[in-house]
Amino acid sequence: MKNLLVMKFGGTSMGTADRIRSAAEICASAHQERPTTVVVSAMSKVTDMLLDTLRHAEGGDEHGVDEMLRKLDAKHRECCQDLLDGEARAATQPILDEILNEFSRIARGVLMLGERPPRSVDEAIAVGERLSSTLIAAYLRGRGIDAFALNARELVVTDAVFGNASPLLEQTREKALNLLSPALEAGRLPIVTGFNGATLDGRPTTLGRGGSDFSASILASVLDASELWIWSDVDGIMSADPRLVPNAKVLEEITYREAAELAYNGAKVLHPRTLAPLMEKEIPVWSKNSFNLEAPGTRIVPVTKDGPLGPRAVTSMTNVALVSLDPASAVLSGTRIMARSLEALAAANAEVLALTSSSYRQNFCFLIRTAELPAVIENLEADFSIELAHGYLHPIDVDLDVGLIAIVGEGMKGHPGLAGRIFTAISAQMVNIIAIAQGSSELTIGIVVRKEGVEKAVRAVHAECGLGA
Ligand code: ASP
Ligand code: MG
């Protein structure tokens, strides 16, 4: 569709009746200018509350389930009261009730079963977005705009990896064109739920936590949007986390690859998979602050105006674990061990944040998120049970006292001396470097240090590379 704008509002931008009103104003003025499609997250904290409810249910805690259901009901009921009046409220509250009833039925099923089938979890936790989209659409209609809420289950077709599904773009395009194009041509404003989808045969899925950004980019891509605006509560993508680095600055422009690397390495502004569907079509993305409309935001583009500038930003992560595998015997092929470990990681659906190896003793280590550690260790121990039992492999070593620092920038490629400067800056803080990873694209240098050194190292690198305001 020509000149189509896709906009996504995150949880904080949908967090209260007041915030929803502001988001709706942004929607209304965009819709006046050009065809617009909106994607929304659940009100902030709601997805956590839904997951918590299911945890209580799985644990047989009926009282806890009731308590959570009451809180969810109260939160949305209050918002509905504050946001809508009279007729609109009377028409909308029953829809919210019905959605929450559906959730309550699933929660009670889990309570009875004592387990949480992944597919039911996905159906249940998409409820947050269904509630928030219903609320903002009703408010917009009250403002005279022909807005309607749409469950992305009807639209976004995915594989069957529940909890972390990937889109099937061709099938999604077909549905999106059928469902959305006529509405857009008629001047209507679709408000689509972020985060969820369904398999080809209709089983509900979700795209992973924080997945509404990804939903928006999937829709922008299949609808050939001319821009995607992602509204959150920060001014854009920054050169570092401002809580760690006081003079961190908002970046005016950044490339897709840089933004993706930053997201994968811990920057919270974007879901890491957001940019992939947009790259081929070169659809520009803006990261904007719905709490500060004056701020221009960050533009994410194929190539920046100022060209590749060297390092652009530094991020860090501390919820990570370094897992090392060390063959005790020369009989084992290090390459085979590595291949099998990667299989085990894939089977656990874990993401490798960094991987390094040394050829002499064939030992290697990889960095993963702590949340993924239990599944990874379980798989590794099962796959290597014989080698471990016979002592061909040393016991698997897990180091939790580590953090990752990532320095990202397209312009780092082919700059001799840069890595040296970065390492020197870190060592000057008396922070010891445990492992280093740099891909051949030279887009990111990943450095693993002790947890307590992370903040100092981030500040030192930010200053050394002159990234601040
Ligand atoms: N509501 C979902 C979550 O909290 C998706 C999102 O907000 O992007 O993970
Ligand atoms: Mg988000």
Side-chain angles (χ1 to χ4, degrees), residues 6-16 19-20 23 37-55 68 71-72 75-76 79 96 99-100 102-103 106 116 118 121-136 149-153 155-156 158 161-167 191-198 204-220 228-234 237 259-260 263-264 266-278 285 287-291 319 349 351 369 371-372:
V6 175
M7 293 202 291
K8 179 260 172 178
F9 292 89
T12 48
S13 303
M14 298 292 289
T16 61
R19 295 312 313 163
I20 295 179
T37 296
V38 173
V39 174
V40 293
S41 285
M43 294 178 77
S44 56
K45 304 270 154 41
V46 165
T47 310
D48 288 330
M49 290 165 78
L50 294 165
L51 276 164
D52 238 15
T53 314
L54 297 182
R55 261 179 233 119
M68 291 304 296
K71 281 193 192 151
L72 283 159
K75 186 174 176 97
H76 292 93
C79 180
L96 302 179
I99 296 172
L100 273 172
E102 269 180 50
F103 176 70
I106 299 174
R116 294 182 290 166
V121 171
D122 277 8
E123 176 159 17
I125 61 178
V127 154
E129 276 71 13
R130 287 170 60 200
L131 294 163
S132 63
S133 58
T134 301
L135 283 163
I136 189 170
L150 186 64
N151 188 343
R153 195 181 153 164
L155 214 57
V156 176
T158 71
V161 180
F162 298 103
N164 194 25
S166 299
I191 314 277
V192 183
T193 59
F195 189 38
N196 70 327
T205 53
T206 55
L207 303 170
R209 290 307 306 273
S212 297
D213 293 341
F214 194 23
S215 307
S217 76
I218 293 166
L219 286 183
L228 168 62
W229 295 7
I230 295 189
W231 293 93
S232 67
D233 57 355
V234 290
I237 298 176
Y264 272 109
K268 297 235 164 47
V269 275
L270 276 185
H271 184 277
R273 290 157 87 195
T274 307
L275 297 159
L278 306 167
V285 185
S287 161
K288 285 173 173 284
N289 190 350
S290 78
F291 290 70
N319 51 348
N349 230 327
E351 197 162 54
R369 293 193 181 83
E372 291 166 352

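Counting starts at 1 for both ligands and their atoms, following the listed order.
The closest side-chain donor-acceptor pair between D122 and T205, if any, does not fall under 3.5 angstrom. With no hydrogens or angles considered, no side-chain donor-acceptor pair links T12 and R19 at under 3.5 Å. Side-chain atoms of N289 and D233 form no donor-acceptor pair, as typed in the model, at a separation below 3.5 Å. Looking at S166 and R273, their side chains do bring a donor and an acceptor atom within 3.5 Å of each other.
Taking distance alone, with nitrogen or oxygen atoms compared against 3.5 Å, G210 approaches ligand 1 more closely than that limit. For ligand 1, one of its N or O atoms has an N or O atom of R209 under 3.5 Å away. Ligand 1 has a nitrogen or oxygen under 3.5 angstrom from a nitrogen or oxygen of E129.
Of all atoms in ligand 1, listed by their number and element, those nearer than 4.0 Å to a heavy atom of T47 are 1 (N), 2 (C), 3 (C), 4 (O). Interface atoms of ligand 1 facing S41, defined by a heavy-atom separation under 4.0 Å, are 6 (C), 7 (O), 8 (O).
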Exercise for review: Test R209 against D48 for salt bridge (charged side-chain N to carboxylate O under 4.0 Å, His left out), laying out the working first.
Suggested key: CA-CA 10 Å; R209 290 307 306 273; D48 288 330; 3.1 Å; yes
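One distance of note links CG of L96 with CG of L72; it measures 12.0 Å at 0.5 Å rounding.
Heavy-atom separations between G128 and ligand 1 are all 4.0 Å or longer. Taking 4.0 Å as the cut-off, G194 does not count as a neighbour of ligand 1 on heavy-atom distance.
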